[in-house]
Amino acid sequence: MAIVYEKSKGLTDTPFHYCPGCTHGIIHKLVAESLVELGVLGEAIGVAPVGCSVLAYEYFNCDMQEAAHGRAPAVATGIKRVHPDKVVFAYQGDGDLASIGTAEVVHAAHRGEKITTIFVNNAIYGMTGGQMAPTTLVGQRSTTSPFGRDEAHCGKPIRIAEMLATIDGAKFVERVAVNSPANVRKAKKAIKRAFECQLAGKGFAIVEVLSTCPTNWGFTPVKALEWLKDNMIPYYPLGNFRDFEEEK
Amino acid sequence: MAKVLMKGNEAVGAAAIKAGCRYFFGYPITPSSEIPEYMAKAMPEVGGVFLQAESEIAAINMVYGAGGAGARVMTASSSPGISLKQEGITYCAGAEVPCVIVNMMRGGPGLGSIQPGQADYYQSTRGGGNGDYRTLCYAPASIQEIVDYVMLAFDKADYYRNPVLVIADGMIGQMMEAVEFKDREKIELPPKDWATTGTGGKRKPNKVNSLYLQAEQLEIHNKRLQQKYKEMEENEVLYEAYGLEDAEVVCVAYGTTSRIVKSAMKLAEEKGIKTGIIRPITVWPFPYDVFKEIGPKAKGILAVEMSGGQIVDDVKIGIEGRLPVYFNGTTGGMVPTPGSILASIEKIAGGTK
Amino acid sequence: MEEKVIMAGFGGQGVMAIGRLLAYAGMIENKHVTWLPSYGPEMRGGTANCAVVVSDEPIGSPLISKDGTAAIVLNLPSLLKFEKEIIPGGKIIINKSLIDAEPSREDIDAYYVPANELAMELGNSKIANMVMLGAYLELTKIVKIDSVLDAFVKVFGEDKAHLIPINKEALLKGAEAVKTYV
């Protein structure tokens with residue numbers, strides 16, 4: 001029988017714990033495939049965050065460190081400075097990177113740390129049960145914005161990719177989504193390129209991945225994908241904000 | 001090697017490099033800024049890395065990353081900065097990442113002062129972060145001891161796979177004394193086959209982690225940690241003690257205050273009062289057993305610390321209620337004088353309270 | 001024998017430097033030494049001071065608190081602040097060029113040295129601190145002038161070695177200035 005599909009060797013056999021319809025699984029796969037295709041899985045050292053993907057260290061088939069909440073870019077910095085020839089990546093959610101860990105990610109970018117950051121933005125705190133994130137959309141309900149996010153009360157959602165693209169040390173910045181097969185393919189391309197940025201020794205690279213949280217959004221998986229397309233993409237436009245080939 | 005005159009803070013840096021530390025992550029704060037300043041100059045000369053982090057929090061997490069990746073790594077700060085590092089220290093303890101953390105203590109609480117203090121004793125000996133963990137903690141009293149114990153700290157950190165603290169105060173950090181970098185006895189250290197160095201496709205992934213979602217597994221992990229801490233308690237206690245057998249008053253002090261106590265003890269001797277001293281060199285594990293050597297002439301114990309009396313708890317544990325424990329301390333960055341300590345010694349020797 | 005000396009003056013007068021030289025010289029002579037600076041905001045502008053202990057025995061407290069054996073004061077605020085820290089019978093060496101006052105205490109020995117004028121005679125006002133140190137060494141003999149000169153390059157670096165002759169002259173001038181008291 002012909003094999004038509006194989007799980008990436010970049011992932012372990014540990015079953016994912018993610019909720020049905022959650023797109024973390026897709027993003028894990030894209031990261032793992034990129035590492036394998038670039039031939040650097042054995043050189044890779046990953047940093048897992050605190051949040052839904054806290055157990056990422058169980059899933060990626062490479063050396064992993066589990067970081068404190070928001071501190072993954074600092075931990076990755078420490079690793080990369082010790083092993084400048086290895087491929088170091090941080091995998092972070094939006095509570096982790098865009099809230100408690102803004103200082104760490106801004107300064108890792110600012111130093112031009114040669115690390116790759118995968119930033120999963122699903123507009124909510126998933127693991128703790130659906131609280132408001134800095135990325136939660138205006139009007140979006142969460143357990144800590146039960147009447148919908150009120151701009152007058154807590155501001156508008158933060159656009160990380162745009163912000164980091166203003167920093168010189170960030171050499172690759174792109175926002176992608178994983179809501180459709182076409183967008184998944186684009187996401188894969190961006191993630192791979194973010195690793196290539198590191199391999200080329202250019203500087204900090206980040207891919208913001210718009211993701212879904214059917215459980216805490218209260219939608220079916222399909223409806224969640226639609227909600228992402230209709231609500232998130234208009235506020236968080238997809239595209240490349242910085243590419244290292246531009247600089248010559 | 002010949003003796004050199006060195007500031008305490010510079011000696012921290014020089015000793016670390018001598019011990020093979022090649023990574024330093026820090027953030028400036030008075031009175032320990034000479035440590036990152038020294039490292040900024042010295043690390044590039046030995047092919048090491050000095051990196052000024054954006055915060056103390058980032059610095060300790062860089063330490064976690066580098067230590068987890070198998071390197072000898074250090075950070076240093078002073079009291080408020082060390083408070084910020086507590087999260088990282090408990091992660092290092094939980095994930096068993098070896099590292100050395102130096103605290104040149106200053107007056108507190110809060111922003112406190114920049115003058116010397118010893119009020120981080122609870123934080124250092126009880127664990128300032130969450131969870132059941134312990135850190136070996138050296139309290140050097142001279143620049144020579146800074147050199148000796150900073151170097152030893154790296155070996156012990158690697159041996160136990162545990163963070164090790166070295167606490168001194170702003171005065172020792174700023175003071176200059178003669179030091180000698182002696183050759184050390186090599187201790188056998190296990191290979192760091194647990195570190196994140198990349199699998200190279202040749203082994204199973206290594207994980208540096210402090211998360212155990214299954215309660216049973218976390219308990220197993222904790223029991224193993226407790227076993228390790230017990231081993232430290234059995235093997236790592238260091239202290240200096242003398243005069244205990246026929247002392248009327250036994251003083252207990254560490255670091256800077258132990259030196260002032262020794263000056264006061266000379267004054268007491270001139271007045272015909274016999275005194276002894278217990279000077280913990282490790283404040284954790286604390287030298288409880290040496291209190292058994294105190295002779296029958298002792299009328300009381302005098303604890304001296306630049307704090308509100310944090311060390312008193314350990315002194316009371318050590319003396320097991322056999323003698324009254326008195327305290328003479330200063331806070332806020334004030335330093336006790338030999339005269340004031342002498343007055344306390346005289347009171348205790350005279351039997352008045 | 002134990003000498004506990006406070007050196008104090010304006011920032012820039014070189015009091016920290018002569019303190020380090022004395023400590024280093026003591027170390028060269030195999031004595032126990034400590035050098036303790038004031039630090040923090042008070043060292044920016046204002047008065048700078050350091051405490052040096054040179055002893056044949058291991059040193060207990062490196063602090064000087066009412067138990068100094070001597071003070072070297074280069075400006076008036078230092079005289080006012082530190083005369084209190086000396087034991088009865090202790091010495092205070094006063095930079096007469098900048099201090100037109102006497103100690104308020106009568107139980108300490110005061111020595112007046114026109115350090116800036118003497119330094120200018122050597123063509124360099126910056127070495128007034130060395131003149132003061134020379135006077136102190138003459139009065140206490142705690143370390144040899146040669147040890148201080150040996151310490152010079154250790155403290156200031158090899159590239160300052162050419163300054164040794166003029167600094168030696170400054171030390172000798174300071175010593176000469178207090179010989180009349182002896």
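Lettering follows sequence order; numbering is per chain, from 1.
At distances below 3.5 Å, not a single donor-acceptor pair connects side-chain atoms of B:Y64 with backbone N or O atoms of A:A74. A donor-acceptor pair under 3.5 Å is formed between the side chain of A:H83 and the backbone N or O of B:A69. Although no hydrogens or angles enter the test, the distance criterion places a donor-acceptor pair under 3.5 Å between the side chain of A:Q65 and the main chain of B:G65.
Note that CE of B:M62 and NZ of A:K80 are 14.5 Å apart. Values are rounded to the nearest 0.5 Å. B:L51 contributes atom CG, which lies 11.5 Å from atom NE2 of A:H107 (distance to the nearest 0.5 angstrom).
With respect to chain A, the highest number of heavy-atom pairs below 4.5 Å among B:V63, B:V97, B:I57 belongs to B:I57. Each of A:K9, A:H69, A:R71 has some count of heavy-atom pairs under 4.5 Å with chain B, and the biggest count is that of A:R71. Top candidate by heavy-atom pairs under 4.5 Å with chain B, chosen from A:R81, A:K86, A:H110, is A:R81. Most heavy-atom pairs under 4.5 Å with chain A: of the set B:T196, B:V49, B:T199, this distinction falls to B:T196.
Open room surrounds OH on B:Y159; 12 or fewer heavy atoms of other groups in view lie less than 6.0 Å from it. Shown here is B:Q226, whose CD atom has more than 12 heavy atoms of other residues, nucleotides or ligands within 6.0 Å. Surrounding NZ of B:K228 are more than 12 heavy atoms belonging to other residues, nucleotides or ligands, all under 6.0 Å away. Heavy atoms of other residues, nucleotides or ligands lying less than 6.0 angstrom from OH of B:Y27 number 12 at most. Atom CG of A:D13 sits in a sparse spot, with 12 or fewer heavy atoms from other residues, nucleotides or ligands closer than 6.0 Å.
When side chains are defined from C-beta on, B:K204 does not count as touching A:T12, because their heavy atoms never get closer than 4.5 Å. Put simply, the side chain of B:E54 reaches to within 4.5 Å of the side chain of A:E104, judged on heavy atoms. Within the 4.5 Å cutoff, the side chain of A:L55 has heavy atoms near those of the B:L211 side chain. Residues A:M64 and B:N206 form no side-chain contact, since every pair of their non-hydrogen atoms from C-beta on lies 4.5 Å or further apart.
Nearest approach of A:Y57 to B:N209, heavy atoms of both residues: OH-ND2, 3.1 Å.
Contacts from residues 75-92 of chain B to chain A, taken as heavy-atom pairs separated by less than 4.5 Å, involve B:E87, B:Y91 in sequence order.
B:I60 does not touch chain A: none of its heavy atoms, backbone or side chain, sits under 4.5 Å away. If you measure heavy-atom distances from B:A59 to chain A, you find no contacts under 4.5 Å at all. Only the side chain of B:F25 comes within less than 4.5 Å of a heavy atom of chain A; its backbone N, CA, C and O stay farther away. Both the backbone and the side chain of B:A58 come within less than 4.5 Å of a heavy atom in chain A. Proximity to chain B involves both the backbone and the side chain of A:A68, based on heavy atoms less than 4.5 angstrom apart.
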Worked check of salt bridge (charged side-chain N to carboxylate O under 4.0 Å, His left out) between B:R203 and A:D63
CA-CA 10 Å; B:R203 58 162 170 78; A:D63 282 359; 2.7 Å; yes

